[in-house]
Amino acid sequence: MAQIQLTFPDGNKREFNAGITPAEIAAGISNSLRKKAISATVNGQHWDLQWPITEDAEIAINTMKDAEPALELIRHDCAHIMARAVQEIWPDTKVTIGPVIKDGWYYDFDREEPFVPEDLALIEKKMKEIINKRDEVRTEIWDRDRAVQFYKDNNEPYKVELIDAIPGNEPLRMYWHGDWQDLCRGPHLQNTGQVPADAFKLMSIAGAYWRGDSDRAMLQRIYGVGFQNKNDLKKHLHMLEEAAKRDHRKLGREMDLFHMQEEAPGQIFWHPNGWRIYTELQNYMRRRQNQAGYVEVNTPQVVDRKLWEASGHWEKYQDHMFIVEVDEEHAREKSVNALKPMNCPCHVQIFNQGLKSYRDLPLRMAEFGSCNRYEPSGALHGIMRVRGFVQDDAHIFCTEAQIEEETKRFIDFLSLIYKDLGFEEFSVKFSDRPETRAGSDEVWDKAEAALIAATEAAGSEYTLNPGEGAFYGPKLEFVLTDAIGRDWQCGTLQVDFVLPERLDATYIGEDGAKHRPVMLHRATLGSFERFIGILIESHAGKLPFWLAPRQVVVASIISDADDYVHEVVAALQAAGVRAEADIRNEKINYKVREHSLGKVPAILAVGMREVEERTVSIRRLGEKQTRVVTLDEAVTSLSQEAKAPDLA
RNA sequence: GCUGCCGUAGCUCAGGGGUAGAGCACUCCCUUGGUAAGGGAGAGGUCGGGAGUUCGAAUCUCCCCGGCAGCACCA
């Protein structure tokens, strides 16, 4: 029999008969390892204990102590066990797919009756029974015809479809435990009893389209989370609770920042506190953009369909536009308009006024552009995904040769802004040419190469999003992560060769002839609305001092100090600090509690002692310690802290 | 948009075919208290909207609107 040489993690090499399985190797080492083993890693590949090894390899036997394989197996086996539990309880349920995801797994089912939340406890109970049976997990390789016939006989049409989608030369692997089986590429645990029965939890039920396609059947998805032990599960559930506390919708209400109501779905009523954040951020962005060589413009909200037809939006984007038709009876002139969903066509109109020279390029045209998009109802989410919002938008009109330099400038600009706003970490995605696109391959080659070169020159790591570019050009996306790990695209830069053509933008080159400029669409924050949502969540409402809507509350301890309270407030306001007085007939405990919950970063308490000494007692948010300083010192330090990062 | 769940006072929520409830917030009175809730009294809702069943609907049924989770979408 042929021999193979296996190398163990400690460097030991040993000879084995070809075809030996990791289970046999583990048994040869010790009986306890045989029992504790969950899988192997063979040449870096996660390997089932039952799979034979046929060539020389590096091998490691994994146990539950090896977090990465352990979590993958626990979650994957949980998915199978859950599917088995569901089919044992409701035998008419059809199974589809059940992959491992971050923190857990899901499985999609097709069943007439919808699952209800109470079913989750039922399924969990059944899962624990299955785990306690300690059924051995067996795997077999089947040929295609047998597998297809098997699933046809068992009325599992989705599995038949999955097999059809697997390339013909790949073996079909079946996994069994008890009488239940699933088509699965593995690996899996040795037996169901290896899954910790107290470290998983079924979380939610939701709809999901078969194969992610909204034209196909809506399945029922059950989500679960699973860990190595009970304590990790507890920690995870606790983390979710903490994340829920920093939900911007909850904090927005508690801090009295904004509200939304059903007469204007997806649009925001900004309250005074919220609007202070908004304007502070906008003023900051305006200063930064001016410094970076942008010119600011402003363009119309309601624009005739003729322009949208010319830009291509009418054809490609109409479903997402608010159409405004003037009532014929009252109309002085009949027209069909749309609220602008984007600013680009209007910016080209400004560019097209008068003749432009190559000397005018690059022309960086910025607008805090108020846009309205009719987003699908299910997409709306607090202030993060809305129908009315303001982009910190700009279009850079430039030559092809300038793409790289302008991209690099933008990445530097964005990095500076994000850093000022407390986001050192963000991810960059690069989306290249989609299948249906405008423009020649040569142009795409140039644009993609320029974007990548600039990204690398700016020192940014990026991940590739193949085929996800806009039809008019490749794009970069800058992504921030919210409190519960969801990603939000904020900044973007898109190269566009199409719109200048469609809207006939030209400049006169050095050669005296007309040329087509390239447009770079770019946004740094993305939208003020979304970015403020992310700011609120990432700071759990405790915004940096300069952005805090209420910076200082001066609270009297005794009403004899009221006059002094007003004096302190006036001094702070004169120095540019957002300060307010609290001379209500309440105890200082009450005031401190209320303003702490309101996330006011500094509470200045004054009683008779402070009045006599002309001092204030400062209590910072989140600290129990108070500090007594003179009024002058307080005004100086707080006014310094109130300055935006570019002014400090 | 799709699947499921939800909508009762400003907020958080209980109730459920027969006169609408609690806590907090709010208003007034007492209290002047030194760093996370001092005490008392009062006011506040045609139970998301519409239709139906019924002697009677917040409660049951249907339609619509909005919200939440996920999916799809994010040009």
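- Distance A/Ile383 CD1 to B/C68 P: 12 Å, rounded to the nearest Å.
- Classified by interplanar angle (parallel below 30°, tilted 30° to 60°, perpendicular above 60°), the ring pair A/Phe109/A/Tyr107 is parallel.
- Aromatic pair A/Tyr472/A/His521: ring centres closer than 6.0 Å.
- For the C1' atoms, the distance from B/G4 to B/U8 is 22 Å, rounded to whole Å.
- Atom CD1 in A/Ile603 sits about 14 Å away from atom C1' in B/A37, given to the nearest Å.
- Nucleotide B/G1 forms a Watson-Crick or G-U wobble pair with B/C71, both donor-acceptor distances falling under 3.5 Å.
- Comparing B/C68, B/G1, B/C73 by their nearest atom to the side chain of A/Tyr374 picks out B/G1.
- The listed nucleotides are B/G38, B/C71, B/U35; the one nearest the side chain of A/Ala208 is B/C71.
- If you check B/G33 for Watson-Crick or wobble pairing at under 3.5 angstrom, you find it has no partner at all.
- Between the side chain of A/Arg619 and the base of B/A36, a donor-acceptor pair under 3.5 Å is found.
- In terms of position on RNA chain B, the residue among A/Ala206 and A/Pro265 whose nearest nucleotide sits closer to the 5' end is A/Pro265.
- Taking the six-membered ring where tryptophan is involved, the planes of A/His76 and A/His80 are perpendicular, since the angle between them exceeds 60° and thus also 30°.
- Set against B/A36, B/C11, B/G1, the side chain of A/Arg253 has B/C11 as its closest nucleotide.
- Within the 4.0 angstrom heavy-atom criterion, only backbone atoms of the sugar-phosphate kind lie near A/Gly212; the bases stay farther away.
- Looking at heavy-atom distances under 4.0 Å, A/Leu597 makes contact with a base.
- With distances taken from any side-chain atom of A/Ile558 to the nucleotides B/A37, B/G70, B/G33, the minimum falls on B/G33.
- For the C1' atoms, the distance from B/U54 to B/A72 is 43 Å, rounded to whole Å.
- In this structure, the ring of A/Phe497 has its center no less than 6.0 angstrom from the ring center of A/Trp444.
- Under the Watson-Crick or G-U wobble criterion, with both distances below 3.5 Å, B/C26 is paired with B/G42.
- Nearest-nucleotide mapping onto RNA chain B: of A/Ile618 and A/His313, the residue sitting toward the 5' end is A/Ile618.
- Rounded to whole Å, the P atom of B/G7 lies 15 Å from the corresponding atom of B/G17.
- Open room surrounds NZ on A/Lys542; 12 or fewer heavy atoms of other groups in view lie less than 6.0 Å from it.
- Applying the 4.0 Å criterion to OP1 and OP2 of B/A69, one finds that A/His381 has a side-chain N or O inside that range.
- Screening A/Tyr462, A/Phe531, A/Tyr418 for a ring-ring contact (aromatic ring centres under 6.0 Å, His included) involving A/Phe426 leaves a single residue, A/Tyr418.
- For B/C71, neither phosphate oxygen OP1 nor OP2 lies less than 4.0 angstrom from any side-chain nitrogen or oxygen of A/Arg216.
- A 3.5 Å limit on both hydrogen-bonding distances identifies B/C13 as the Watson-Crick or G-U partner of B/G21.
- Taking atom CD1 on A/Ile557 and atom P on B/G38, their separation rounds to 14 Å, with Å as the unit.
- If you check every strand for non-hydrogen atoms under 4.0 Å, A/Phe471 touches sugar and phosphate atoms only.
- Side-chain N/O atoms of A/Tyr209 and base N/O atoms of B/G1 include a donor-acceptor pair closer than 3.5 Å.
- Relative to the side chain of A/Arg584, the nucleotides B/C65, B/C26, B/A36 differ in distance, and B/C26 lies closest.
- Counting non-hydrogen atoms of neighbouring residues, nucleotides and ligands closer than 6.0 angstrom, the CD atom of A/Glu623 exceeds 12 such neighbours.
- At the heavy-atom level, A/Tyr472 lies nowhere under 4.0 Å from the strands shown.
- The shortest distance between the side-chain N/O atoms of A/Tyr590 and the OP1/OP2 oxygens of B/G34 is not below 4.0 Å.
- Below the 3.5 angstrom threshold, one finds no donor paired with an acceptor across the side chain of A/Arg373 and the base of B/C73.
- Between the base of B/G34 and the side chain of A/Glu610 there is a donor-acceptor pair shorter than 3.5 Å.
- The side chain of A/Arg385 places no N or O atom within less than 4.0 Å of a non-bridging phosphate oxygen (OP1 or OP2) of B/C73.
- Distance from the side chain of A/Ser214 is smallest to B/A72 among B/G34, B/A37, B/A72.
- Spacing between B/C28 and B/G67 at atom P, rounded to whole Å, works out to 36 Å.
- With rounding to whole Å, A/Asp560 atom CG is found 13 Å from B/G34 atom P.
- Closest contact between the side chain of A/Glu262 and the listed nucleotides B/C65, B/C71, B/C73 involves B/C65.
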request  = Determine, stepwise, if the pair A/Phe269 / A/His259 fulfils ring-ring contact (aromatic ring centres under 6.0 Å, His included).
outcome  = CA-CA 5 Å; A/Phe269 294 78; A/His259 84 273; 4.5 Å; yes
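- Minimum atom distance to the side chain of A/Ser617 is reached by B/G34, of the listed B/G34, B/G70, B/G1.
- Taking a pair to require two hydrogen-bonding distances under 3.5 Å in either a Watson-Crick or a G-U wobble arrangement, B/G66 pairs with B/C6.
- The side chain of A/Ser559 sits closest to B/U32 out of B/U32, B/U35, B/G38.
- Taking the C1' atoms as reference points, B/A57 lies 15 Å from B/G15, given to the whole Å.
- Comparing the C1' positions of B/A58 and B/U46 gives an interatomic distance of 10 Å, to the nearest angstrom.
- Between A/Met260 atom CE and B/G48 atom P there is a gap of 21 Å when expressed in whole angstrom units.
- Contact annotation for A/Met608: base contact, defined as any heavy-atom pair under 4.0 Å involving a base atom.
- Straight-line distance from the CD1 atom of A/Ile205 to the P atom of B/C6: 11 Å, rounded to whole Å.
- Listed nucleotides B/C73, B/U35, B/C68 differ in distance to A/Ala605; the shortest reach to its side chain belongs to B/U35.
- Nucleic acid contact for A/Lys475: sugar-phosphate only, since backbone atoms but no base atoms lie under 4.0 Å from a heavy atom of the residue.
- The separation of B/C47 from B/G10, taken at their P atoms, amounts to 13 Å, rounded to a whole angstrom.
- A/Phe528 places a side-chain heavy atom less than 4.5 Å from the side chain of A/Phe368.
- With both ends at atom C1', the span from B/G44 to B/G21 equals 13 Å, rounded to whole Å.
- The side chain of A/Ser377 contributes an N or O atom lying less than 4.0 Å from OP1 or OP2 of B/G1.
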